[in-house]
Amino acid sequence: MYNLKYKIWLDKNGVIFGTGPYLLLKGVKEKGSLAGAAKAINMSYNKAHNLIKNIEGRLGFRLLYSKTGGAGGGISSLTAEAEELISAYEQFYNECGEALNTIFKKYFPDH
């Protein structure tokens with residue numbers, strides 16, 4: 001019995017955006033902070049911060065608005081461009097999944 005597994009990412013002279021960054025940005029939207037989003041996906045804050053900066057550099061636009069905080073910590077929110085990116089990626093990813101599952105069933109109907 002086979003199971004279909006796949007990864008889908010956007011590339012621009014190297015991986016630029018995939019499931020990890022998508023989940024990180026969705027987490028920022030839900031939790032209001034990069035630190036909280038990173039923790040939710042078991043990523044260090046430093047790695048998450050560097051990942052976002054790398055992606056911003058490759059894309060040429062900011063993904064987050066951030067404000068450093070005091071005792072309660074900082075806050076982050078998504079830019080309009082980041083909102084558009086995660087929305088488009090989510091729709092694209094889901095549509096690809098549907099298409100891949102259809103093709104998979106065509107070639108492996110008994111699995």
Side-chain angles (χ1 to χ4, degrees):
M1 170 120 359
Y2 302 118
N3 293 309
L4 175 63
K5 301 287 183 185
Y6 56 91
K7 291 184 180 183
I8 297 172
W9 64 87
L10 307 177
D11 188 286
K12 185 177 183 184
N13 297 322
V15 175
I16 192 167
F17 196 83
T19 307
Y22 166 79
L23 292 173
L24 187 60
L25 291 177
K26 286 285 282 191
V28 169
K29 185 174 181 174
E30 293 168 5
K31 302 200 176 293
S33 78
L34 183 58
K39 184 176 181 181
I41 62 170
N42 296 316
M43 182 183 287
S44 74
Y45 171 80
N46 193 44
K47 183 175 180 179
H49 177 76
N50 290 337
L51 179 63
I52 293 297
K53 291 300 174 194
N54 183 289
I55 293 169
E56 287 177 337
R58 288 176 178 229
L59 291 174
F61 58 83
R62 291 186 62 183
L63 296 171
L64 299 179
Y65 296 118
S66 297
K67 181 181 177 192
T68 56
I75 59 170
S76 294
S77 60
L78 302 183
T79 63
E81 294 89 351
E83 291 274 6
E84 290 174 18
L85 178 61
I86 65 170
S87 176
Y89 182 81
E90 182 173 9
Q91 292 173 58
F92 174 70
Y93 188 91
N94 290 338
E95 194 170 326
C96 286
E98 291 170 11
L100 288 171
N101 277 305
T102 298
I103 296 165
F104 177 75
K105 288 175 186 172
K106 176 181 174 182
Y107 290 98
F108 301 97
D110 299 328
H111 299 280

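All of these numbers come straight from a predicted model, not from anything done at the bench.
No more than 12 heavy atoms of other residues, nucleotides or ligands sit less than 6.0 Å from atom CZ of Phe92.
Of all the heavy atoms in Lys31 and Gly36, the pair that sits closest is CD-O, 3.4 Å. Contact detail for Ile41 and Gly20: the closest heavy-atom pair is CD1-O, 4.2 Å. Shown here for Ile16 and Asp11, the closest heavy-atom pair between the two residues is CG2-N, 3.9 Å. Looking at every heavy atom in both residues, Leu63 comes nearest to Ala82 through O-CB, 3.2 Å. Across all non-hydrogen atoms, the minimal contact from Ala38 to Ser44 is CB-O, 4.0 Å. Taking all atoms of both residues into account, the shortest heavy-atom contact from Phe17 to Ile86 is CZ-CG2, 4.1 Å.
Proximity of Leu25 to Tyr89: side-chain heavy atoms (C-beta onward) are nowhere separated by under 4.5 Å. The side-chain heavy atoms of Leu59 and Glu81, taken from C-beta on, include no pair separated by under 4.5 Å. The shortest side-chain heavy-atom distance between Phe108 and Leu4 does not fall under the 4.5 Å cut-off. When side chains are defined from C-beta on, Leu64 counts as touching Leu78, because their heavy atoms get closer than 4.5 Å. Inter-residue side-chain proximity for Tyr22 and Leu85 is flagged as unmet; no heavy-atom pair is nearer than 4.5 Å. Considering only heavy atoms from C-beta on, Val28 stays 4.5 Å or farther from Ile52 through its side chain. Using a 4.5 Å cut-off on side-chain heavy atoms (C-beta onward), Lys26 and Glu90 make contact. Side-chain contact check for Thr79 versus Tyr65: some heavy-atom pair is nearer than 4.5 Å.
The CG atom of Asn54 sits 12.0 Å away from the NZ atom of Lys47 when rounded to the nearest 0.5 Å. Taking CG of Leu10 as the reference point, atom CZ of Arg58 lies at 12.0 Å (rounded to 0.5 Å). Summarising the geometry, atom CD belonging to Glu56 is positioned 10.0 Å from atom CG belonging to Leu51; distances are rounded to the nearest 0.5 Å.
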* Could you give me the CA-CA distance, side-chain angles and deciding distance for Glu98 and Thr102, then say whether side-chain hydrogen bond (donor to acceptor under 3.5 Å, both in side chains) is met? => CA-CA 6 Å; Glu98 291 170 11; Thr102 298; over 6 Å; no
* To do: Take Thr19 and Lys7 through the test side chain to side chain contact (heavy atoms under 4.5 Å, CB included) and record every step on the way to the result.
  => CA-CA 8 Å; Thr19 307; Lys7 291 184 180 183; 5.9 Å; no
